[in-house]
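One structure is given below, encoded as structure tokens.
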Amino acid sequence: MLYTTYYRDIINIMNNANNCQNNTIAAIATALGEGAVGIVRLSGDNALATANKILSKPLAKDKPKCLQYCHVLSGNTVVDEVLAVYMPAPHSYTGENVVEIQCHGGVAALQKILALCLTNGAVMAEPGEFTKRAFLNGRIDLTQAEAVMDIIRAKSETALQMALRTQQGELSAKIKKLRGSLVDIIVNLEAKIDYPEDDIEDVTYSDTHKNITDIKIKLEQLLATGHTGKILREGLRVAIVGRPNVGKSSLLNALLEEERAIVSAYAGTTRDVIEEQILLNGVPIILSDTAGIHNTDNYVEKIGVERSRSTLENAQLVLCVLDSSMQLTSEDKDLLKVLNPKNTLLVLNKNDLPQQIEKDKLTTFTSFTVSSKNKDGLTELKSAIQKYAYSGTQGDSGIFVQNVRHLDLLQKAVQSLQNATDTINNKMPYDCVIIDLKNAIADLGEITGEQVTDEIINKIFAKFCVGK
Ligand SMILES: Nc1nc2c(ncn2[C@@H]2O[C@H](COP(=O)(O)OP(=O)(O)OP(=O)(O)O)[C@@H](O)[C@H]2O)c(=O)[nH]1
Ligand SMILES: [Mg+2]
């Protein structure tokens, strides 16, 4: 990005080596470009002092969270007319003293004000450093911090809602509760180790097994929401495939409700993959129309067919289009052989024509009879696509885990709990069960940030944008 180099330069020139957490940091918090308003944000002990060095009228300490009108000055020269706000610790985004200067949203004004902040005691913020400080100061936990980025990147209202719920701590609360229950199990087992005379071993093993299994089921339910969570975040990749002339491009156009791809009676019209996005009730769908899959000696067509096959392999859901006005051809049959009924919907197109297709040969698949030409049967197809996006989710909590890091850790925790129940089944000592439980506790703690290394924290926040 254009301004990355600019930031690098400023970081190199202005930052002194000891950029520790006590430093006051500054960054442009809004996107660089032309806009009505732009914001420069400062956070740290000296945020107010630094801001006051460049403002025409010092921000009144006794007017926290109030917008105050003034000018930014460089010496005696007015840089911009601004509104500034002081948010004292601990009730600010970072939990530190924060000042935000709202200036005109032009690149020059923002860069000049940032440069003034840097020459007056602030250091350039690293990517995500404001949110990182909020985490380190205990304002939010790690899942909430990560959700901030998901809010910024949300591509649909549903993804936004999901990220907001995580940001408000719903996921953390669930995970913390389950982690707490695991700690209780350990406390109980440790008591049994300390006072073995009270112990009836079989009862302890069976109770512990049940309690661990209950927690494991809840974690597995959270894990199962990952399928939908990832789709809501990144979109569902849907490939439209089939032999030439069955109406793939017509279907794409009908789903998009616009004439995007060329449609013609000539077999082999589409030569390349055409990708478009739609939202189906808040679920982002990435649709790919492909070249008709068939055997050909034509060099260009061959490349197209290869691309169709690779789109097919990378798709999460396949719409295999068949021409229902004809009997199945050998090309149809060859294609059906390589498709997985679990992630394929058959689209029996051209239902406005006399029907010839042998439906009894297609019973292993879910199929929909449509006419792309007359826009008939598309509602049912659309709801099946949407249903696929939500498949695998259980419970009615409405939380979808969408972060790959969280999903990996949930998977690890489930495995550790599986190990714990195996350990119990093998009647191994309580100590061995405790080791497995501690592993699960560590994995869950890494999700919320209760048990996480600096290295991981740095890695997470490095993916943020500067100013957030
Ligand atoms: N009657 C009828 N004709 C259709 C329907 N859908 C598509 N067609 C016709 O079928 C022909 C092929 O349509 P396309 O959408 O170009 O088919 P395609 O599968 O994309 O073809 P290639 O790109 O060549 O692989 C065109 O003449 C369309 O008008 C339908 O539902 N009913
Ligand atoms: Mg086509």
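Every number for a ligand or one of its atoms is a count from 1 in the order of the listing. Residue numbers count from 1 along this sequence.
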Can you tell me if Y93 uses its side chain to pair, donor with acceptor, with the backbone of V98 under 3.5 Å?
no

Ligand-residue contact atoms, ligand 1 with L353, heavy atoms, under 4.0 Å
1 (N)

Does this structure show an ion pair linking E306 with R309, if we count only N-O contacts that are shorter than 4.0 Å?
no

Heteroatom distance test (V246, ligand 1): nitrogen or oxygen, under 3.5 angstrom
yes

Counting from 1, what ligand 1 atoms have a heavy atom of P244 closer than 4.0 Å?
25 (O)

Students should be able to answer this: which protein heavy-atom is nearest to atom 6 (N) of ligand 1, and at what distance?
N349 ND2, 3.1 Å

Check the orientation of Y390 and F400. Use parallel for under 30°, tilted for 30 to 60°, and perpendicular for over 60°.
tilted

N, O or S atom of T270 closer to the Mg ion (ligand 2) than 2.8 Å:
yes

D352 side chain to S371 side chain, donor-acceptor N/O pair below 3.5 angstrom:
yes

Considering the heavy atoms of S249, write down every atom of ligand 1 situated less than 4.0 Å from one of them.
15 (O), 18 (P), 20 (O)

Taking non-hydrogen atoms only, is D352 closer than 4.0 angstrom to ligand 1 via side chain, backbone, both or neither?
side chain

Report yes or no: do Y69 and E81 form a side-chain donor-acceptor pair below 3.5 Å?
yes

Grab the two heavy atoms, one from T296 and one from N298, that are nearest each other, plus how far apart they are.
OG1-N, 3.0 Å

At under 4.0 Å between heavy atoms, what of T270 touches ligand 1? The answer is both

Is any N or O atom of S250, backbone or side chain, closer than 3.5 Å to an N or O atom of ligand 1?
yes

Ignoring angles and geometry beyond distance, decide whether R243 reaches within less than 3.5 Å of ligand 1 through its nitrogen or oxygen atoms.
no

Residue, atom and distance of the protein heavy atom nearest atom 18 (P) of ligand 1 read K248 N, 3.4 Å

Going by the atom numbers of ligand 1, which of them fall below 4.0 Å from some non-hydrogen atom of Y266?
24 (O)

Shortest protein contact, atom 12 (C) of ligand 1 (heavy atom only):
N245 OD1, 3.0 Å

Minimum-distance protein heavy atom relative to atom 29 (O) of ligand 1:
V263 CG1, 3.8 Å

Does the side chain of T369 pick up a donor-acceptor pair with the side chain of N351 at under 3.5 Å?
no

Heavy-atom pairs closer than 4.0 Å: do any link ligand 1 to the side chain of A261, the backbone, both, or neither?
neither

In the protein, which heavy atom is nearest to atom 4 (C) of ligand 1, and how far is it?
K350 CE, 3.7 Å

If you measure from each non-hydrogen atom of T269 to ligand 1, which part falls under 4.0 Å: side chain, backbone, both or neither?
both

If we check side chain to side chain contact (heavy atoms under 4.5 Å, CB included) with L223, which of these qualifies: L410, L409, V401?
L410

Could E450 and R179 be called an ion pair, given the rule that one side-chain N must be under 4.0 Å from one carboxylate O?
yes

Pick from G268, S325, S264, G377: the one approaching atom 26 (C) of ligand 1 most closely through a non-hydrogen atom
S264

Distance alone, cut at 3.5 Å: any donor-acceptor contact between the side chains of Q356 and S325?
no

Quick one: do K210 and D214 make a salt bridge, cutoff under 4.0 Å?
yes

Of all the atoms in ligand 1, which lie at a distance below 4.0 Å from a heavy atom belonging to S371?
31 (O)

N, O or S from S249 under 2.8 Å to the Mg ion (ligand 2)
yes

Under-4.0 Å salt bridge between K248 and D289:
no

Could you list which atoms of ligand 1 come closer than 4.0 Å to a heavy atom of A267?
24 (O)

Per-atom contacts, ligand 1 versus G292 - under 4.0 Å to a heavy atom:
25 (O)

Distance-only donor-acceptor check, side chains T94 and S43, under 3.5 Å:
yes

